[in-house]
Amino acid sequence: MREARFARRGVAQYLLVAALALVTGAAASWLLAGRGAGRGDARRPTTHGEWVFIRNRSGDSLRAYVAYPERKDPAPGVIVIHELFGLTAWEPTVADRLAGAGYVAIVPDLLSSRFGITPADPDSGRKLTARLDRQAVGVDLDAAAAYLRTLPAVRKEALGTIGFCWGGAIAFWYATVNPTLEAAVVCYGSAPDSAALARIRAPVLGVYGEDDARINADLDRVTRQMQALGKRFEHDIYPGTGHGFLKPGRRGSDGPQAARAWDRVLGFFRTHLGA
């Protein structure tokens, strides 16, 4: 049935996907190259990005964007987990940014294996994401991880995740069920319960906006429990920012704290995944 859904969408949709891929890559390069090119910093764009379809273990098709760095040796891999609205035009720019810092980054469209590609309307994407089963999401993330490990350009033992908003909560949860992860970054996402926290093996970094009490109210509990369990959890709260501040258009996204948070994220990945 899922394959039939893809077929019904027709050739036009796949042409649209290809066009969006070109536009996204070109836009990211144009926006980032002027600020980072030639300086060797994290804002340099990827030299190659592509859309792929992956089979998960249930046999369903998972759409994903993969960004590659320019380097001569295998790179660590990072799975990028999108927000509540599904895979939008922004998440591939995150993958490009990570590739510019030396990582092979994959962004799976977690709606695609069940509903087809993320719809353009954010509210429609939000409603579909709310219908996702977490275990099915785990199957898709496992497929993304397995795909990274098949790539000769990836160091198989160095794999991490980063998630935003809903994806931040998923990144935290995924660290409780995938013991092979070497690092997890949670950007303003809620935390699992204490029983799940006990299963985490990877070090976790939390990135939070100051004006985000809905999420931050639980940070003291999470910090205490992670410390009591002997787990590695560090987090920062960025002043003058709100929920989602790493995405353009959100409170604090145009100030210095977003750049500071990205420096922290990339430093965390360098420490735990290598460079």
Side-chain angles (χ1 to χ4, degrees), residues 5 17 20 24 51 56 60 62-65 78-98 105-145 160-178 184-193 196 204-219 222 235 237-238 241-253 258 261-262 265:
R5 282 196 294 272
V17 171
L20 288 174
T24 297
W51 291 94
N56 65 24
D60 300 318
L62 175 68
R63 170 180 172 257
Y65 177 77
V78 177
I79 302 170
V80 180
I81 308 176
H82 58 67
E83 293 185 325
L84 182 68
F85 308 104
L87 199 164
T88 70
W90 175 67
E91 286 84 8
T93 71
V94 173
D96 289 346
R97 185 177 196 132
L98 290 166
I106 185 169
V107 191
D109 182 347
L110 296 171
L111 296 179
S112 62
S113 63
R114 182 174 178 187
F115 302 114
I117 66 173
T118 292
D121 176 55
D123 191 55
S124 297
R126 177 185 60 79
K127 290 175 181 177
L128 291 175
T129 300
R131 294 170 56 188
L132 290 177
D133 173 80
R134 183 161 287 190
Q135 301 307 315
V137 169
V139 168
D140 283 347
L141 293 176
D142 286 346
T161 62
I162 182 170
F164 303 88
C165 182
W166 174 86
I170 294 296
F172 218 150
W173 167 80
Y174 191 55
T176 73
V177 298
N178 186 341
V185 177
V186 177
C187 298
Y188 30 84
S190 57
D193 61 29
V204 179
L205 171 68
V207 175
Y208 303 97
E210 180 180 44
D211 301 328
D212 193 10
R214 179 179 65 88
I215 298 297
N216 298 349
D218 198 35
L219 275 179
V222 175
H235 70 274
I237 298 176
Y238 292 86
T241 65
H243 187 79
F245 73 95
L246 292 178
K247 188 172 184 177
R250 307 283 178 80
R251 176 172 169 78
S253 64
W262 271 115
V265 167

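The chain is numbered in sequence order, starting from 1.
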How far apart are the closest heavy atoms of A175 and A184, and which atoms are they?
CB-CB, 4.2 Å
Identify the heavy atoms of G189 and I215 that sit nearest to each other, and give their distance.
O-CG2, 3.9 Å
Side-chain heavy atoms of T241 within contact of Y208, under 4.5 Å:
no
Residues passing the salt bridge (Lys or Arg N to Asp or Glu O under 4.0 Å) test with D218, sequence neighbours excluded, are R221
For D140, check salt bridge (Lys or Arg N to Asp or Glu O under 4.0 Å) against everything at least two apart and list the hits.
none
Between W262 and F164, how do the two ring planes meet: parallel, tilted or perpendicular, split at 30° and 60°?
tilted
Just by distance, do the side chain of D60 and the backbone of R114 share a donor-acceptor pair under 3.5 Å?
no
Checking S124 side chain against P119 main chain: does a donor-acceptor pair fall under 3.5 Å?
no
Would you please name every residue forming a ring-ring contact (aromatic ring centres under 6.0 Å, His included) with Y174, sequence neighbours left out?
none
What distance separates H235 NE2 from C187 SG, expressed to the nearest 0.5 Å?
13.5 Å
Calculate, to the nearest 0.5 Å, the distance between atoms CH2 and CG belonging to W173 and N178 respectively.
9.5 Å
Taking side chain as C-beta onward, heavy atoms only, is T88 less than 4.5 Å from P122?
no
Using every non-hydrogen atom in the two residues, find where P108 and I106 come nearest and quote the distance to one decimal.
CD-O, 3.6 Å
Who are the ring-ring contact (aromatic ring centres under 6.0 Å, His included) partners of W166, not counting sequence neighbours?
H82
Partners passing salt bridge (Lys or Arg N to Asp or Glu O under 4.0 Å) against D121 (at least two apart in sequence or in another chain):
none
Ignoring hydrogens and angles, tell me if any N or O in the side chain of T118 forms a donor-acceptor pair with the backbone of L87 under 3.5 Å.
yes
Are any of the side-chain heavy atoms of K247 and S253 separated by less than 4.5 Å?
no
To the nearest 0.5 Å, what is the distance between OG (S190) and CG (N216)?
11.5 Å
Sequence neighbours left out, what passes side chain to side chain donor-acceptor pair (under 3.5 Å) with R134? Give chain and number order.
none
Can you name the nearest heavy-atom pair linking A261 to L246, along with the distance?
CB-CD2, 3.9 Å
Sequence neighbours excluded, the answer for side-chain contact (heavy atoms from CB on, under 4.5 Å) partners of A143 is I54, N56, L62
Please list all pairs passing the salt bridge (Lys or Arg N to Asp or Glu O under 4.0 Å) test where one or both residues lie in residues 86-95, with sequence neighbours left out.
none
Who pairs with P248 by side-chain contact (heavy atoms from CB on, under 4.5 Å), at least two apart in sequence or on another chain?
W90
Could you check whether any side-chain heavy atom of F85 comes within less than 4.5 Å of a side-chain heavy atom of C165, counting everything from C-beta outward?
no
Side chains of F172 and V222 in contact at under 4.5 Å (non-hydrogen atoms):
yes
From I170 CD1 over to L141 CG, what is the distance, rounded to the nearest 0.5 angstrom?
7.5 Å
My understanding is that only residues two or more places apart in sequence, or in another chain, count here; which of them pass salt bridge (Lys or Arg N to Asp or Glu O under 4.0 Å) with D142?
R57
Among residues at least two apart in sequence or on other chains, which ones pass side-chain contact (heavy atoms from CB on, under 4.5 Å) with D211?
R251
Over all atoms of both residues, closest heavy-atom pair of V80 and A105:
CG2-CB, 4.4 Å
List the atom pairs, donor and acceptor, that lie under 3.5 Å between side-chain atoms in residues 125-133 and the rest of the protein, sequence neighbours left out.
{"unit_1": "R126", "atom_1": "NE", "unit_2": "D123", "atom_2": "OD1", "d": "3.1"}
{"unit_1": "R126", "atom_1": "NH2", "unit_2": "D123", "atom_2": "OD1", "d": "2.3"}
{"unit_1": "K127", "atom_1": "NZ", "unit_2": "D123", "atom_2": "OD2", "d": "3.2"}
{"unit_1": "T129", "atom_1": "OG1", "unit_2": "L84", "atom_2": "O", "d": "2.7"}
{"unit_1": "T129", "atom_1": "OG1", "unit_2": "G125", "atom_2": "O", "d": "2.9"}
{"unit_1": "D133", "atom_1": "OD2", "unit_2": "Q135", "atom_2": "N", "d": "3.0"}
{"unit_1": "D133", "atom_1": "OD2", "unit_2": "A136", "atom_2": "N", "d": "3.0"}

From the options D109, D96, T93, select the one residue that forms a side chain to side chain donor-acceptor pair (under 3.5 Å) with Y65.
D96
